[in-house]
Amino acid sequence: MNKVPHPGAPQTLYRVIQWPGQNAQDGESKIPSLVWYDKRGQVRAAARAYGAEALSASVEEQAETEGWYLAEHWKLHLHPSTMKAELNIQVKPLPPDVSVEKIYADFIGYLYGQTRIYFYDHIIDGERVWKAQKTSIDFVVAHPNGWGLKEQTLIRNAAIAANLVSSEKVAREKIKFVSEAEASVHFVIQNADLKNRLEVAELVVCDAGGSTVDTTLYVIEKVEPILKLKEKRASACVQAGAIFVNETAKKYFSAAFREAELDDPETYVKEAVRSFEEEAKKSFRDASSDQRISVGGRKFTNEELKVRKGTMTLPGSQVQEFFDPCVKKIVESVDIQILGHSPEYLLLVGGFGESGYLYETLKSTLGPRRVEVTVANEPAAKAVADGSVIWFVKRFVSARATRFAFGTDIVVPVPPSDNSDRTVVLLPDGPSFIGAWSGIVDNNVVLEESEEKAHKYALMLSSPSPMLMRSLEKTIYAYDGPESEPAFAMDDLGEPNPGFHVACVVHADLSGAKDGLIPAFGPRGPFWVLPISIALTFGGTEIEAKIIWEERGVTRKSDASVIPPAFT
């Protein structure tokens, strides 16, 4: 939260560092994304079912007795289908009759409630201040680079369901989105003592989180009087986060304890994975040092498993095998992102960014290329949360690269020499093909925040009736296929061709544009044409749209709604 405690005081960034189920002295600002649901699909809030409390022995015992379902790794369900397919993501099923939007709503509501309690207790006159400023609160949500409008809309809907905001209109005003990489670059520049050294042309940010690792190349446009950065190219996103290191370790422990024929091996697996995540995973730096895992208690000894008095010794080479599949993906992603460029710094952030092994591997890989691997002065796991607030205030990044080609389907005249088997339709102005591709902006194009890209479009009407002028709906598609200039976005059945997916639908009220109609005459008689342009803004953190038309020589503009596709 960004809060001025009393008039005249400087702005201060406060962080919630006390959460139920976690030791207050540890100062943890991050909690596990876990929620227990009962057989009816209801969250078991009264039974301490959220976050760290969900891992307590008493809660786990109650969950087993009453047949609850644990929602874990549920954020992966929100990744775009293109990301899931490209990265071959295998996600755990959600609890029965529980949607990912409901889990987000429940979890966001929990975070909000705990933040309010913390504010009451740690800010002078906190309860009065909170209640007085409640309607003025802005929410900033950071998300993986690969997310788009559809995922952002689901989060807004979840916030409404959680009673953070009262309506969709308020949600659009009060909930803002920023990519995790962009939030991280704001955090690191603020905290890594870089502001006085940023005279280089380029730098790269590697945000290594729990599931995704985002890498973005930035060019520094200017340092004074205000720092400004631009994305140099579309960021990379790989599925190589910390949870997959845990999953590899879990498979190893499961096989080892089964082979040892222990009673209740799953209990030992849970203890080993938890110990690995909290201790060995954080301390591991290279294969030369063995790691110790706590499992089974002080009375448990098993020579076959190399366990003595509750301590299991793992060779460093074995632990390295847990890390290497993810670390290799990350290094490859960084290599691709900086190909052809010479950044001076790589800023490593995110919870997985605190891994000594990842840091040392990147350092040894990039060192010969004179790229200095830098981490913030404070724990990197705070980078996204703190950086989101800093982004909201500072806005260092002024331009971003498109991650897809964007365009729409149009109608084109049938060429005289056409011999294709594509269906021909007879429109007022003659035989035509429908579903042709008209690009608005290419992939990997760097655009300023307010820079508009317009698509000229001729709306044909059979009459100038006001009923036909009520609204315009135009689908905008994203394309990430192999062709540089695809001919058709749609097949003959009106379905998107491979590589195309719906980005959004632009909806606009055209009733004010009736004076822009132009009469015309075609093979089927008279009709009317409204030449308009759909102007889209891609350079911000969200897509925005306007409708533009000419009326008696004067250019008119009208705001348009951007409607995301339904989440499936």
Side-chain angles (χ1 to χ4, degrees), residues 75-76 78-89 142-148 151 177-186 188 202-219 229-245 323-353 355 358-359 361-363 365-366 369 371 373-374 380 383-384 387 397 399-406 442-447 478-482 499 501 538-539 541:
K75 296 177 184 178
L76 296 179
L78 200 53
H79 285 341
S81 56
T82 52
M83 183 187 294
K84 291 178 184 176
E86 179 184 353
L87 303 174
N88 192 28
I89 298 175
H143 59 65
N145 289 0
W147 283 19
E151 294 75 29
F177 294 96
V178 60
S179 72
E180 291 174 352
E182 191 167 322
S184 297
V185 76
H186 281 75
V188 176
E202 298 170 337
L203 59 88
V204 62
V205 177
C206 180
D207 176 19
S211 60
T212 59
V213 179
D214 297 325
T215 305
T216 310
L217 181 69
Y218 292 95
V219 60
L229 299 95
K230 290 183 178 180
E231 286 186 7
K232 190 67 175 177
R233 57 165 45 138
S235 60
C237 181
V238 293
Q239 197 75 15
I243 62 173
F244 299 103
V245 178
F323 279 84
D324 273 350
C326 289
V327 170
K328 286 179 180 178
K329 282 185 180 180
I330 295 170
V331 171
E332 290 171 0
S333 180
V334 170
D335 282 341
I336 293 171
Q337 191 69 189
I338 66 176
L339 183 66
H341 297 268
S342 301
E344 187 170 336
Y345 297 103
L346 181 140
L347 312 182
L348 182 59
V349 297
F352 194 22
S355 163
L358 176 59
Y359 171 81
T361 303
L362 286 170
K363 187 176 177 181
T365 302
L366 298 175
R369 286 182 265 180
V371 180
V373 181
T374 302
V384 171
V397 179
R400 299 166 183 83
T402 53
R403 289 163 179 80
F404 301 97
F406 290 92
D442 288 334
N443 177 38
N444 212 16
V445 174
V446 178
L447 300 171
Y479 177 69
D480 60 353
H501 66 271
F538 298 98
T541 56

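Sequence positions, counted from 1, serve as the residue numbers for this chain. As a basis for the values below, the full set of heavy atoms in this structure was taken, side chains included, without hydrogen atoms, waters or symmetry mates.
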Worksheet item: So, do Pro144 and Asp214 sit near enough that their side-chain heavy atoms are less than 4.5 Å apart?
Response: yes
Worksheet item: Which heavy atom of Tyr345 sits nearest a heavy atom of Val371, and at what distance?
Response: C-CG1, 4.0 Å
Fill in: Residues which pass ring-ring contact (aromatic ring centres under 6.0 Å, His included) with Tyr218, listed by chain and number, not counting sequence neighbours
none
Worksheet item: Where the side chain of Thr402 meets the backbone of Asn444, is there a donor-acceptor pair that is under 3.5 Å apart?
Response: yes
Worksheet item: Parallel under 30°, tilted from 30 to 60°, perpendicular over 60°: which one fits the rings of His143 and Trp147?
Response: parallel
Item to complete: Of all the heavy-atom pairs spanning Ile330 and Ala240, show the shortest one and how long it is.
Response: CD1-O, 3.8 Å
Practice prompt. Could you tell me whether a side-chain N or O of Ser235 sits under 3.5 Å from a main-chain N or O of Ala181, the two making a donor and an acceptor?
Written response: no
Practice prompt. Measure the spacing between CG of Leu346 and OG1 of Thr215 and express it to the nearest 0.5 Å.
Written response: 7.5 Å
Worksheet entry | Pairing residues for Ser355 by the side chain to side chain contact (heavy atoms under 4.5 Å, CB included) criterion, not counting sequence neighbours | Phe323, Phe352, Tyr357, Leu358
Practice prompt. For residues Val219 and Leu203, determine if any side-chain heavy atom of one lies less than 4.5 Å from a side-chain heavy atom of the other.
Written response: no
Discussion item. For the backbone of Lys329 and the side chain of Glu332, can you confirm whether one donor and one acceptor N or O come within less than 3.5 Å of each other?
Written reply: no
Worksheet item: If every non-hydrogen atom of Gly241 is compared with every non-hydrogen atom of Cys326, which pair is closest and at what distance?
Response: O-SG, 3.8 Å
Practice prompt. Please determine if Glu231 and Arg403 form a salt bridge, counting it only when a charged side-chain N lies under 4.0 Å from a carboxylate O.
Written response: yes
Discussion item. Within the structure provided, determine whether Val213 and Cys206 are in side-chain contact (heavy-atom separation under 4.5 Å).
Written reply: yes
Discussion item. The criterion is salt bridge (charged side-chain N to carboxylate O under 4.0 Å, His left out); which residues satisfy it with Glu180, sequence neighbours excluded?
Written reply: none
Discussion item. Would Val373 and Leu366 count as a side-chain contact (heavy atoms from CB on, under 4.5 Å) here? Give the steps.
Written reply: CA-CA 8 Å; Val373 181; Leu366 298 175; 4.2 Å; yes
Discussion item. Determine whether Val445 and Asp442 satisfy the following criterion, side-chain contact (heavy atoms from CB on, under 4.5 Å), listing intermediate values before the conclusion.
Written reply: CA-CA 6 Å; Val445 174; Asp442 288 334; 3.8 Å; yes
Worksheet item: For Lys75, which residues count as a salt bridge (charged side-chain N to carboxylate O under 4.0 Å, His left out) partner, sequence neighbours excluded?
Response: none
Fill in: Atom of Ala234, atom of Ala401 and distance for their closest heavy-atom approach
N-CB, 3.3 Å
Worksheet item: If you take all heavy atoms of Glu182 and Val178, which pair is closest and at what distance?
Response: CB-CG2, 3.8 Å
Discussion item. Just verifying a value: how many Å separate Leu362 CG and Thr374 OG1, rounded to the nearest 0.5 Å?
Written reply: 11.5 Å
Worksheet item: Who are the ring-ring contact (aromatic ring centres under 6.0 Å, His included) partners of Tyr479, not counting sequence neighbours?
Response: Phe500
Worksheet item: Looking only at atom types and distance, does a side-chain atom of Thr365 sit under 3.5 Å from a main-chain N or O of Thr361, one as donor and one as acceptor?
Response: yes
Discussion item. The criterion is salt bridge (charged side-chain N to carboxylate O under 4.0 Å, His left out); which residues satisfy it with Asp335, sequence neighbours excluded?
Written reply: Arg369
Worksheet item: Can you tell me how far CZ of Phe406 sits from CG of Asn443, rounded to the nearest 0.5 angstrom?
Response: 8.5 Å
Discussion item. Is any side-chain heavy atom of Thr216 closer than 4.5 Å to one of Lys232?
Written reply: no
Item to complete: Measure the shortest side-chain to side-chain distance between Pro343 and Leu217 over non-hydrogen atoms and say whether it is less than 4.5 angstrom.
Response: yes
Fill in: OG-CG distance between Ser184 and Leu348, expressed to the nearest 0.5 angstrom
10.0 Å
Discussion item. Looking at every non-hydrogen atom in both residues, tell me the closest pair between Gly350 and Asp207 and how far apart they are.
Written reply: CA-OD1, 3.5 Å
